[in-house]
**Q** 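Okay, handing you the structure first.
Treat the numbers as computed from the prediction; the structure is a model and nothing was measured.
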Amino acid sequence: MHSLSRIFIYLAAFLVAASFAGEPNLPEVNAPWMKGERLTFSLGWGFITAGTATLEVKPIAGGKTEFLTHATGNKTINRIYPVYDTVYTRVRNKGLMTEVFRKRLHEGTFHNTSVIRFDRKGEKAWLSDTVFTDMKARKVKRSADTAVAIQGMEHSIMSAFYYVRTMPLTVGDTSRFSAVSGKKRYDLKVLVHGKETVESVLGKVPCIKVEPVLDGDGIFVSKGRIFIWLTDDDRRIPVLMECEIALGSVKAKLLEAK
């Protein structure tokens with residue numbers, strides 16, 4: 001079964017890149033949602049609603065912001081295959097540069113904790129990843145610590161998602177990116193396909209349709225195409241996200257925006 005939160009991770013895995021060594025000096029992001037935001041989505045396959053997910057923005061002291069994501073199955077799904085996943089990201093408001101990315105996945109009998117810490121000056125992203133056989137007893141199945149070489153301006157996958165919401169997104173343009181996810185640094189691009197009107201909880205809203213794509217092998221291999229519809233205004237609210245799979249598509253539809 002596909003992880004509910006992993007849908008968001010795949011959808012979010014793209015970011016602004018540049019060839020820059022060391023600590024980047026970037027302008028502060030002042031998007032409307034930087035003051036605080038909470039988006040709630042239904043997660044479904046075909047006509048089946050499998051669960052819900054939330055994306056939350058919390059400003060904190062020191063010119064920083066927290067991004068929090070939580071996904072869980074509904075009562076029926078959780079009786080068969082319990083899913084409780086969270087992703088935490090802390091960024092600097094200047095350029096949304098990630099300081100720490102933390103992911104906790106609890107899916108059936110699979111339990112995984114992963115942390116990435118970014119050292120811009122040292123040009124490294126430090127990953128600690130642990131899979132547990134028994135989460136309550138803290139019994140470890142495997143654990144690994146890895147260092148990934150970076151150039152200074154890579155984001156985590158969640159900060160990338162929010163950064164794209166600040167971009168102009170001109171139809172027909174292709175933006176090229178790089179990302180740190182897991183044990184690797186990936187090269188990606190974002191295609192801006194066009195403008196469409198989408199029926200949503202916000203009503204019929206003009207949207208911009210974008211697609212993140214990997215140049216070569218990586219995390220999107222065999223996972224199908226991914227599309228995101230963002231409102232065509234300064235809020236860039238994701239009202240619909242769709243991930244194609246072998247048996248159809250998994251969709252995240254906006255239920256509430258605060």
**Q** Mind checking the NZ-OG1 spacing from Lys253 to Thr40? Nearest 0.5 Å is all I need.
**A**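 So the NZ of Lys253 and the OG1 of Thr40 are separated by 16.0 Å.
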**Q** Name all residues meeting the side-chain hydrogen bond (donor to acceptor under 3.5 Å, both in side chains) criterion together with Lys141; count only those two or more places apart in sequence or in a different chain, and write none if there are none.
**A**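 side-chain hydrogen bond (donor to acceptor under 3.5 Å, both in side chains) check on Lys141 returns nothing, list empty.
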**Q** Using the test salt bridge (charged side-chain N to carboxylate O under 4.0 Å, His left out), find all partners of Arg102 that sit at least two apart in sequence or belong to another chain.
**A**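 If we apply the salt bridge (charged side-chain N to carboxylate O under 4.0 Å, His left out) test to Arg102, skipping adjacent residues, there are no hits.
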**Q** For Glu56, check side-chain hydrogen bond (donor to acceptor under 3.5 Å, both in side chains) against everything at least two apart and list the hits.
**A**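 Glu56: side-chain hydrogen bond (donor to acceptor under 3.5 Å, both in side chains) contacts with Arg38.
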**Q** Which distance, rounded to the nearest 0.5 Å, do you find between the CZ of Phe161 and the OG1 of Thr69?
**A**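 Answer for the CZ-OG1 pair, Phe161 versus Thr69, is 8.5 Å.
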**Q** Can you name the residues that form a side-chain contact (heavy atoms from CB on, under 4.5 Å) with Lys209, not counting sequence neighbours?
**A**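 If we apply the side-chain contact (heavy atoms from CB on, under 4.5 Å) test to Lys209, skipping adjacent residues, the hits are His193, Glu196, Phe227, Trp229.
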**Q** Tell me every residue that passes salt bridge (charged side-chain N to carboxylate O under 4.0 Å, His left out) with Lys64, counting only those two or more places apart in sequence or in another chain.
**A**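 With neighbours one apart ignored, the set is Glu99.
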**Q** Hey, are the side chains of Val115 and Val100 touching, using non-hydrogen atoms and a 4.5 Å cut-off?
**A**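 The answer is yes, as the side chains (C-beta and beyond) meet within the 4.5 Å cut-off.
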**Q** What residues, two or more places apart in sequence or in another chain, satisfy side-chain hydrogen bond (donor to acceptor under 3.5 Å, both in side chains) together with Glu28?
**A**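 Expected list: none.
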**Q** My understanding is that only residues two or more places apart in sequence, or in another chain, count here; which of them pass salt bridge (charged side-chain N to carboxylate O under 4.0 Å, His left out) with Asp232?
**A**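 Only Lys195, Arg236 meet the salt bridge (charged side-chain N to carboxylate O under 4.0 Å, His left out) criterion with Asp232.
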**Q** Lys139: what forms a side-chain contact (heavy atoms from CB on, under 4.5 Å) with it, not counting sequence neighbours?
**A**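 Lys139 satisfies side-chain contact (heavy atoms from CB on, under 4.5 Å) with Thr133, Asp134, Ala137 once adjacent residues are dropped.
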**Q** If you look only at pairs with a residue in residues 111-139, which of them pass as a ring-ring contact (aromatic ring centres under 6.0 Å, His included), with sequence neighbours excluded?
**A**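 Qualifying pairs: His106-His111.
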**Q** Using the ring-ring contact (aromatic ring centres under 6.0 Å, His included) criterion, which residues pair with Phe67? Sequence neighbours excluded.
**A**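 By the ring-ring contact (aromatic ring centres under 6.0 Å, His included) rule, Phe67 matches Tyr162.
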**Q** According to the salt bridge (charged side-chain N to carboxylate O under 4.0 Å, His left out) rule, which pairs have a member within residues 155-173, sequence neighbours left out?
**A**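 Qualifying pairs, neighbours excluded: Glu37-Arg165.
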**Q** Where the side chain of Asp85 meets the backbone of Thr72, is there a donor-acceptor pair that is under 3.5 Å apart?
**A**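 Between the backbone of Thr72 and the side chain of Asp85 there is no qualifying donor-acceptor contact (under 3.5 Å).
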**Q** Go through the structure and list residues passing side-chain hydrogen bond (donor to acceptor under 3.5 Å, both in side chains) with Arg117, not counting sequence neighbours.
**A**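 Expected list: none.
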**Q** Quick one: OG1 on Thr49 to CG on Leu255, what's the gap to the nearest 0.5 Å?
**A**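 Answer for the OG1-CG pair, Thr49 versus Leu255, is 8.5 Å.
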